[in-house]
2 protein chains.
Amino acid sequence: MTQNIYDNPRFYEGYSRLNRSVQGLDGAPEWPAIRALLPLVADKKVLDLGCGYGWFSRWAAEQGAASVLGLDVSTKMLAHAEASTQDSRIRYTLADLETLTVATASVDLAYSSLAFHYIKDLQSLLSAVHAALVPGGHLVFSIEHPIYMAPRQPGFIEDDQGRKSWPLDSYQHEGPRVTHWLSDGVVKQHRTLGTLLNMLIGTGFTVDHVNEWGPSDEDLKALPTLADERERPMMLIVAASR
Amino acid sequence: MTQNIYDNPRFYEGYSRLNRSVQGLDGAPEWPAIRALLPLVADKKVLDLGCGYGWFSRWAAEQGAASVLGLDVSTKMLAHAEASTQDSRIRYTLADLETLTVATASVDLAYSSLAFHYIKDLQSLLSAVHAALVPGGHLVFSIEHPIYMAPRQPGFIEDDQGRKSWPLDSYQHEGPRVTHWLSDGVVKQHRTLGTLLNMLIGTGFTVDHVNEWGPSDEDLKALPTLADERERPMMLIVAASR
């Protein structure tokens, strides 16, 4: 099964302090770009893959979703999510996305935020999501960008004039990457962008939009520390449909 | 119009000595990957955008293409291409791809090798190609990878242990890049991979395959100097259809 780093106390403690954990969707700078790719959610059946604290699940319910199923591998995060809602249309369930089973053609929108890069057997997950979607249904997800994941030393380097660059290497070497983010030994799965897109296409999805997220001028005004994010993309947002 | 660097004597001299110029398609390590994405060419009408010496045009004719139109902005290269064939199915024409005009629904396969990164108004070119294709027609092209084009200093750096990395920066800053390859002042147009794919999708193409080309184990056995190409992709190959 997928590494459940979110139930690691040190990781959980760090994660719980991130802007996106405290403020929810509005604390994630990429949220407006994701939201722009979402179909209308009203009266739709929504699947939230790696729902975490449930911010998106609750947002979807507020938008009038008919039902929302939030799945996560972390009991800690699900407990927090369940304590945050009274909405009977939302159901949170403990699940390993590596072995997802959802009823065929039961979902209008499958959503996932920054979870797919933890998945070893992404092909099985995408096949399960494809089967779960109704014809014409949508998959919108964010994932760590392969450029961000690939390097042996994933950190900016500075030249004499203080200009930053991202030392990319190992791009074609797909497989696990062990990093130290919030806690030691976080395992992510590097795949090239081509591999990811071809996996979607091969599964039967149509690729509708690819956003290698970077901050807008407005984003930079609000949060100048995002400037580095223009040097190399950290996140990838993909919209696809069945 | 697009910079016609190929008629620059120094550039042309250097270009004419490259493996891909001397040996043709088999001198380009990415050719097997491109070939794998091509539809059957027999009896098809083929458009070769930026045909250069005409290697692909001649290959398509050998495969039984009904007709091949090779377009290029370089009179020198077209003269060479014309001198290399007697095949009446092949026609070479001087053309600026920035202002392409081809009859509507007259082409089954549009092909381009490493030309699109010189095009400023790629949207107009893609719209013209889309209109030129028959419904179900194919566009297969290679282009310099955005990772390769983006940096201010596009060259590998080495660490203490001789391991190479590619100093990526400026990825989100789209626009011209002036490099010194074969001659000074070669102007290329950097766009993110997302921008390129979304432009295709917005034009009406379906994205069928995305190959961020890297050498196979066999490639490395034949040409060990290609090893660096595993650290970061230099080329992107895209198959799309109308």
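Residue numbers begin at 1 in each chain, while the letters A, B, ... track the order of the sequences. Bear in mind the structure is a predicted one, so any value in this text is a computation, not a measurement.
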* Distance, nearest 0.5 Å, that separates CD of A:Glu229 from CD of B:Gln172 -> 9.0 Å
* Asked: Is the shortest heavy-atom distance from the side chain of A:Ile157 to the side chain of B:Ile157 under 4.5 Å?
  -> yes
* Side chain from CB out, backbone as N, CA, C, O: work out which of these in B:Arg152 comes under 4.5 Å of a heavy atom of chain A, or both, or neither. => side chain
* Asked: Is A:Leu18 atom CG crowded by more than 12 heavy atoms from other residues, nucleotides or ligands, each under 6.0 Å away?
  -> yes
* Side-chain donor or acceptor of A:Asn198 paired with backbone N/O of B:Val210 under 3.5 Å -> yes
* Structure fact -> One option among A:Pro215, A:Gly194, A:Gly202 has the most heavy-atom pairs under 4.5 Å with chain B, and it is A:Gly194
* If you count the non-hydrogen atoms of other residues, nucleotides and ligands that lie under 6.0 Å from CD in A:Gln153, is the total more than 12? -> no
* Structure fact -> CD (B:Glu212) and CG (A:Leu197) are apart, to the nearest 0.5 Å, by 8.0 Å
* From A:Thr192 atom OG1 to B:Asn211 atom CG, the distance as rounded to the nearest 0.5 Å -> 8.0 Å
* Are the side chains of B:Tyr171 and A:Pro233 in touch, meaning some heavy atoms are under 4.5 Å apart? -> yes
* In Å, rounded to the nearest 0.5 Å, how long is the span from CG of B:Asp169 to CZ of A:Phe156? -> 9.0 Å
* Looking at CD1 of B:Ile147 and CD1 of A:Ile147, how far apart are the two atoms once the value is rounded to the nearest 0.5 Å? -> 3.5 Å
* Structure fact -> Closest non-hydrogen atoms of A:Ile201 and B:Asp208, given as atom of the first, atom of the second and distance, are CG2-O, 3.5 Å
* Asked: If you draw a 6.0 Å radius around CD in A:Gln23, do more than 12 non-hydrogen atoms from other residues or ligands fall strictly inside?
  -> yes
* Give a yes or no on whether A:Glu218 atom CD has more than 12 heavy-atom contacts from other residues, nucleotides or ligands under 6.0 Å away. => no
* To do: Could you grab the distance from atom OG of A:Ser170 to atom CZ of B:Arg232, nearest 0.5 Å is fine?
  => 12.5 Å
* Asked: Quick one: of A:Thr206, A:Asp228, A:Leu236, A:Leu193, who has the most non-hydrogen atom pairs under 4.5 Å with chain B?
  -> A:Leu193
